[in-house]
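Written below as structure tokens is the structure these notes are about.
Numbers here are sequence positions counted from 1. Only heavy atoms go into these numbers, but all of them, side chains included; no hydrogens, no water, no symmetry mates. These figures come from a predicted structure and were not determined experimentally.
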Amino acid sequence: NRVAGGRHERVLRDSIEQAAEVPVIGSVRKLGLECFPQRHLGLLSLQEHPGALKFVSEAADIAERHIDLDGFSAIAHSAGEFPPALLEAPGVSGSGGPREVAIGILKDSAFQFYYPENLEALERGGARLVEISALASRELPELDGLYIGGGFPETHAERLARNSVFRDSLLRRAAQGLPVYAECGGLMYLSRSIRIDEKVFPMVGVLPVDTVLERKPQGLGYIRVRVVAENPFYPVGAELAGHEFHYSRLSGLDAGAETCAFAVLRGHGMDGARDGICRWNTLGTYVHVHALGEALWAEGLLKRAGEFRNSRIASCPRVLARG
């Protein structure tokens, strides 16, 4: 990778094949990567920069010209079979009704960081995923749960703030008990406001804190937390592992009556000691959890969504037909 030229490739190839006795089947020259503009948290998302897709065809051309793809395929096929990991699908335990629950996913250019395995875990557990845009001027649809992943609400702060129709409907539904799980960017969106330099943009206001965007990372790396207080999704005593990467911090964390459900064992979280702010059936956290490593994540969200669905069904007035 990042080979400078023909001479460089020959030196590398000879060194590897002589010292490691491993055949070299190709090389990749240095690439300009003009397709990938960056900003403070990394690359621009595909939703904001669809031109990046042209790199796919460019990469295919490079692979065809510089890599022995037939040799690569032969090596792959020479490997013995190994059993796949069997993962039990999390269920909506205790729901007592139909398994399918409708779980909304905020997915637009402001919120797009989702592990595919997390979404697959929800679907395996009986969820019907509903993609929603926080930038569209429409009310939140009827749902049994809502999952807001990471993203870049700070780069869309003005548009998110202007969309009062969606913000107000989300606040109203959260106050009515809709289960909401929000990670990082989602946490920022559910706060009262986002401050960027001297500008303050109103957000949803589900969580009684404000978000301040700093110029340096406030949390970066692996994080481990212990669940120490009641919350909508995790049992007390559980330990969760994940990662955090945020330039924002919370202001006013001690001013309200909110509960922090997590004690930070490793990492920074919200203030170096706490994370997992709760209100109503909502939990906001800086911890990004991967469903294949933490089965409790999907189980908790599905279970709470199932309970909320049943409570909605039970509260609906029934019409009796008269014969």
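- Here F111 and F152 keep their ring centres 6.0 angstrom or further from each other.
- Using a cut-off of 4.0 Å between Lys/Arg side-chain N and Asp/Glu carboxylate O, R65 and D61 are scored as salt-bridged.
- Not one N or O on the side chain of Y247 forms a donor-acceptor pair closer than 3.5 Å with the backbone of L213.
- Residues C260 and A229 share a closest heavy-atom pair of O-CB, 4.0 Å.
- Ion pairing between a basic and an acidic side chain is recognised when a charged N comes within 4.0 Å of a carboxylate O; D197 and R215 show such pairing.
- Note on E117 versus R124: no salt bridge recorded, every NZ/NE/NH1/NH2 to OD/OE distance being 4.0 Å or above.
- Formation of a donor-acceptor pair under 3.5 Å by the Q112 side chain with backbone atoms of S109 is found in this model.
- Ring planes of H268 and H246: tilted class, angle from 30 to 60°.
- Listed for the H66 side chain is no donor-acceptor partner under 3.5 Å among the backbone atoms of I62.
- Taking 4.0 Å as the cut-off between side-chain N and carboxylate O, R309 and E100 do not count as a salt-bridged pair.
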Worked check of side chain to side chain contact (heavy atoms under 4.5 Å, CB included) between L146 and T282: CA-CA 9 Å; L146 179 63; T282 296; over 6 Å; no
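- Of the charged side-chain nitrogens involved, none lies within less than 4.0 Å of a carboxylate oxygen, so that E123 and R128 do not count as a salt-bridged pair.
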Stepwise ring pair (Phe, Tyr, Trp, His ring centres under 6.0 Å) test for Y114 and Y147: CA-CA 10 Å; Y114 294 94; Y147 174 29; 5.1 Å; yes
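- Between the R226 side chain and the A263 main chain, no donor and acceptor come within less than 3.5 Å of each other.
- Linking ILVMFWY residues whenever their side-chain heavy atoms come closer than 4.5 Å, directly or via other members, places L135 and L190 in the same cluster.
- Under the 3.5 Å distance criterion, the side-chain polar atoms of R274 are left unmatched by any main-chain donor or acceptor of G269.
- Summarising the geometry of A174 relative to V206, their closest heavy-atom pair is CB-CG2, 3.8 Å, with the distance given to 0.1 Å.
- Taking a cutoff of 4.0 Å between a charged side-chain nitrogen and a carboxylate oxygen, K303 and E307 qualify as a salt bridge.
- Considering all non-hydrogen atoms of both residues, V209 and G252 come closest at CG1-O, 3.9 Å.
- V180 is listed as a side-chain neighbour of I148, based on a closest heavy-atom distance under 4.5 Å.
- Between F166 and I132, some side-chain heavy-atom pair lies under the 4.5 Å cut-off.
- The shortest heavy-atom contact between P202 and V200 is CD-O, 4.0 Å.
- N163 and A134 make their closest contact through ND2-O, 2.8 Å (heavy atoms, listed as atom of the first residue, atom of the second, distance).
- The main-chain N or O of V11 is found under 3.5 Å from a side-chain atom of S15 such that the two form a donor-acceptor pair.
- In this structure, I277 and M270 have side chains that are in contact, with non-hydrogen atoms separated by less than 4.5 Å.
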